[in-house]
Amino acid sequence: MRRKIIAGNHKMNLLPQETARFVTDLLQLIPESPEPEVIVFPPFTNLTAGLAARGESHISVGAQYTDWRDQGAYTGQVSAAMIKDLGVEWVLCGHSERRTLFDESDEIVNKQIQAALRNGLKPMLCIGESLEEREKGQTKAVLEKQIQNSLKDFTAEELALLVIAYEPIWAIGTGKTATPEDANATIKDVRAMVAGLYGVEFAEKLRILYGGSVNPGNIRQLMAEPEIDGALVGGASLKAESFAELVKYNV
Ligand code: PGA
């Protein structure tokens, strides 16, 4: 059984005390041991506040990005080593906003995953096609390329902690969700691609989430699909009440 993950990507939102408040409120609103694993990805400046607020609870904290190098003359950058030292557990690698707005290539994403694993962080690899690619019937080819290049030269053992988030770009922040059937079918394709690289056993254990306009109104249908192992949520994760609804999708 793959344990589901409900993850909130706060993007460039909230101040440190607001992240602390969010986590404190969330802990009040969800069961002490919820069925899904819960991860919050606040901005760098809020990681410490998020970690302090979660205390000894089950909530995990992740960063939204790190540089792939551990240290050096890279003004403005933050390394995986630095966030690991804070107590952070997860890192998003290759979110589509990073890829499109900050020119992150699959090669860079590959190095970020290396940096995450080298520093004991769990990588959540984000993949997804644009509307144009989808309309041209290129979805499978685009996802295959992203997976092959981002996971190049890793062994299955090294990737034991990997999670993949399938986020069609046209569904992010737009209110347009892939239908549950569509998301399920694409994630099934992604699992088959991973099986081609690392074997069926690995692929069957791998958790693959869906992301893109997930909200309390569609979470149940999405989570009912057998291939969808959770959700990576932007907008609907910013308020504790709404994020709690997502965590409690099965309650
Ligand atoms: P959204 O964002 O839920 O606001 O569509 C998802 C994401 O960017 O991870």
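Remember, it's 1-based here, ligands and their atoms both numbered in the order they're listed.
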Undergrad: Which of the numbered atoms in ligand 1 are below 4.0 angstrom from a heavy atom of His95?
TA: 7 (C), 8 (O), 9 (O)
Undergrad: Would you call Glu35 and Lys248 a salt bridge, using N to O less than 4.0 angstrom?
TA: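 Lys248 and Glu35: not salt-bridged.
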Undergrad: When you look at NZ of Lys11, are more than 12 heavy atoms from neighbouring residues, nucleotides or ligands closer to it than 6.0 Å?
TA: yes
Undergrad: Going by an N to O cut-off under 4.0 Å, is there a salt bridge joining Glu144 and Lys140?
TA: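 Salt bridge absent between Glu144 and Lys140.
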Undergrad: Name the one of Arg98, Lys111, Arg99 that satisfies salt bridge (charged side-chain N to carboxylate O under 4.0 Å, His left out) with Glu104?
TA: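 Testing Glu104 for a salt bridge (charged side-chain N to carboxylate O under 4.0 Å, His left out) against Arg98, Lys111, Arg99 leaves exactly one candidate, Arg98.
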Undergrad: Regarding atom 8 (O) of ligand 1: of the candidates Lys11, Glu97, His10, Glu167, which has the closest heavy atom?
TA: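 Answer by nearest heavy atom: Lys11.
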Undergrad: What are the atoms of ligand 1, with element, lying closer than 4.0 Å to any heavy atom of Gly212?
TA: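 Matching atoms, with element in brackets: 5 (O).
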Undergrad: Got a sec, which residues hit side chain to side chain donor-acceptor pair (under 3.5 Å) with Thr24, two or more places apart in sequence or on another chain?
TA: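 Counting only residues at least two positions away or on another chain, Thr24 forms no side chain to side chain donor-acceptor pair (under 3.5 Å).
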Undergrad: Which atoms of ligand 1 sit under 4.0 Å from any heavy atom of Gly173?
TA: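 Answer, ordered by atom number: 1 (P), 4 (O), 5 (O).
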Undergrad: Of all the non-hydrogen atoms in the protein, which one sits nearest to atom 3 (O) of ligand 1, and at what distance?
TA: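 Nearest protein contact, heavy atoms only, for atom 3 (O) of ligand 1 is Gly234 N, 2.8 Å.
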Undergrad: Is any N or O atom of Gly235, backbone or side chain, closer than 3.5 Å to an N or O atom of ligand 1?
TA: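 Such a contact does occur with ligand 1.
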Undergrad: Please confirm whether Ala236 comes under 4.0 Å of ligand 1, counting heavy atoms of the residue only.
TA: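 No, Ala236 has no heavy atom closer than 4.0 Å to ligand 1.
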Undergrad: What do we get for Ile172 next to ligand 1 when only non-hydrogen atoms under 4.0 Å count, side chain, backbone, both or neither?
TA: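 Contact part for Ile172 vs ligand 1: both backbone and side chain.
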Undergrad: When you check the gap from the basic side-chain N to the acidic O, do Glu89 and Lys122 get nearer than 4.0 Å?
TA: no
Undergrad: Donor-acceptor pairs under 3.5 angstrom involving side-chain atoms of residues 225-235: please list them, not counting sequence neighbours.
TA:
| from | atom 1 | to | atom 2 | distance (Å) |
| --- | --- | --- | --- | --- |
| Glu227 | OE1 | Arg191 | NE | 2.6 |
| Asp229 | OD1 | Arg2 | NE | 2.9 |
| Asp229 | OD1 | Arg2 | NH2 | 3.4 |
| Asp229 | OD2 | Arg2 | NE | 2.9 |
| Asp229 | OD2 | Arg191 | NH2 | 2.8 |
| Asp229 | OD2 | Ile208 | N | 2.9 |

Undergrad: Less than 3.5 Å between some nitrogen or oxygen of Val233 and one of ligand 1, yes or no?
TA: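 Between Val233 and ligand 1 (N or O atoms, distance only) the closest approach is not under 3.5 Å.
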Undergrad: Is ligand 1 under 4.0 Å from a heavy atom in the side chain of Ala171, in the backbone, in both, or in neither?
TA: backbone
Undergrad: Pull out every atom of ligand 1 sitting under 4.0 Å from any heavy atom of Leu232, numbered as shown with elements.
TA: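 Contacts of ligand 1 toward Leu232, numbered from 1: 9 (O).
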Undergrad: Are more than 12 heavy atoms, taken from residues, nucleotides or ligands other than Arg21, located less than 6.0 Å from that residue's CZ atom?
TA: no
